[in-house]
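Beneath this line is the structure, given in structure tokens, with notes to follow.
Quick caveat, the model's predicted, so the values are computed rather than measured. Throughout, protein chains are lettered first and strands after them, A, B, ... in sequence-line order, and every chain is numbered starting at 1.
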There are 2 protein chains.
Amino acid sequence: MDHGFQSQDFSIDRHSGISAWKQIADMINRSIQSGEYDHTGRVPPETVLAERFGVNRHTVRNALASLVEEGLLSRVRGRGTMIEKREKLVFPISRRTRFTEGLAPQAGAIAREVIRSDVRPARKEMAEALHLKEGEPLVYVCMIGFADQQPVSLAATYFPHNRFPHMADLIGQHHSVTKALVEQGVGDYVRVSTDVTGRLATAEEAAHLKLGSGSVVLEAVSVNADLDSLPIQYSRTVFAADRISLRFDTQ
Amino acid sequence: MDHGFQSQDFSIDRHSGISAWKQIADMINRSIQSGEYDHTGRVPPETVLAERFGVNRHTVRNALASLVEEGLLSRVRGRGTMIEKREKLVFPISRRTRFTEGLAPQAGAIAREVIRSDVRPARKEMAEALHLKEGEPLVYVCMIGFADQQPVSLAATYFPHNRFPHMADLIGQHHSVTKALVEQGVGDYVRVSTDVTGRLATAEEAAHLKLGSGSVVLEAVSVNADLDSLPIQYSRTVFAADRISLRFDTQ
DNA sequence: AAAGATTTGTCCGTATGTATG
DNA sequence: ACATACATACGGACAAATCTT
């Protein structure tokens, strides 16, 4: 599938520090994501790929093996290499952004798991966003978001401790930020801003999100406020980029 | 700098298809971007890094050499390895999104260069977004966006050919989509939606944006409409993730 | 049903690049 | 600069499963 930039090129950079099979795996992965093989539901035979990329068949086999291990492909001797379809979820971000509501229509089961929480002093960027002074206490909650039993996001969120002293416990009880805020008198809240960057996953993120090393993540830094425009939540959320995309409706 | 997830881990994956020096270069790169060395303005000595990552000093030297070549670091014998400051630009996306206006306050010179244009039939996703039938003619314009002489974005944009037959020429003249639209009777337009994903750069994108292989890009698929809510532009824009972040204000 | 083509799986060996000490 | 270990890449040959004719 042509995406509008240039016709595809299959050259391999031998001095990039990335092995040939890994580069090929990345290219095949991109081709799958862009729907290039949707008509057949399978990847071309190893011999064809080997010729296309200008490498030995064993090198292609290494690339395919890594994608099979990630669950993206499955191979059957004599038949070929089939694509396991995995729909990409869309996480909608708007003035009213809610994790569960946003993903519920697209996935069977949505869940959140708190993996750590404590109280810690505000760092500069958090203090600025929350209109506090640097060093003031914040409730810190780190949680993983699941869609269909697959981890899709890893979020570190911070609340002013003075206003929400029991935030950690309440999120642990309800597995929901919205419900925890309701119990503390915040009936509704809105998303103020979201900063999005992309980068490679760190080792910890890859472990929590069950990603292969060298995977790409989207990092969203966001601020929520109550209806009086008082900021109440600062979050840094990391999304597995190959499982989710972010949609912004600026209506 | 702790980012709220877990204490940092410096383990190297020997079976990832990515050589140790490349993995270390990526980790140092992330540390620099997250501001971990901002207080000293330099990277720790090679011997310290070697011990921290559990590798030989030669391996760390390879990693640093690749970052020096990218222009991220500079080494002076006897003094150490200094960080060359490179601020990340923020591209604001809102109902009113304009390339030049958005970046002008942050960079000295903003420029756009058209690298290709033609007329081509609408593919399914474009036709749906523009309320046309599949196969109807679209004006296609591919351009690179520069900030301070550095390429930051690569955009493939599509306009209905019936309504804007001279779009390509006008953009070529003015180097501005906004001005080209004004000349064709669209005084103002608004951003309707933006879909953001992250992935590794393709070879062509890396070439156009002057990225190393294995670099991460943000891909934004967006739709603009005129003030009568008629969609007029479908775009796929790729941003160099290490030079730019996207900011969404959901005010 | 049988033969041949296609496609993945496995074995051998060799050369090169990477990382260590 | 050198020796060692290991992962990577290549080349060829054959086996085993599946599909086509």
| said: Does D:dC19 have OP1 or OP2 under 4.0 Å away from a side-chain N or O of A:Arg79? | reply: yes

| message | I need the CD-P distance between A:Glu46 and C:dA5, as an integer number of Å. | response | 20 Å

| B:Glu125 bridged to B:Arg236 by N-O distance under 4.0 Å | no

| query | Applying a 3.5 Å limit to both distances, which nucleotide forms a Watson-Crick or G-U wobble pair with C:dT14? | reply | D:dA9

| query | Contact class for A:Thr47 vs. all strands (heavy atom < 4.0 Å): base, sugar-phosphate, or nothing? | reply | nothing

| task | List in chain and number order the residues that pass ring pair (Phe, Tyr, Trp, His ring centres under 6.0 Å) with B:Phe53, two or more places apart in sequence or in another chain; answer none if no residue qualifies. | result | B:Phe10

| query | C:dT18 P sits how many Å from B:Asp13 CG, rounded? | reply | 17 Å

| said: Please enumerate all residues that pass ring pair (Phe, Tyr, Trp, His ring centres under 6.0 Å) together with B:Phe239, with sequence neighbours excluded. | reply: B:Phe91

Atom pairs and distances, donor-acceptor, side-chain atoms in residues 15-22 of chain B, under 3.5 Å, two or more places apart:
from    : atom 1 : to      : atom 2 : distance (Å)
B:Ser16 : OG     : B:Asp13 : O      : 3.1
B:Ser16 : OG     : B:Ile18 : N      : 3.3
B:Ser16 : OG     : B:Gln23 : NE2    : 3.1
B:Ser19 : OG     : A:Gly17 : O      : 2.8
B:Ser19 : OG     : B:Trp21 : NE1    : 3.2

| remark: Its contact letters, B for base, S for sugar-phosphate only and - for none at protein heavy atoms under 4.0 Å, make nucleotides 4-10 of chain D read ---SSSB

| message | Does anything in residues 47-58 of chain A form a side-chain hydrogen bond (donor to acceptor under 3.5 Å, both in side chains)? List the pairs, not counting sequence neighbours. | response | A:Glu46-A:Arg57

| field | With sequence neighbours excluded, residues passing salt bridge (charged side-chain N to carboxylate O under 4.0 Å, His left out) with A:Asp242 | value | none

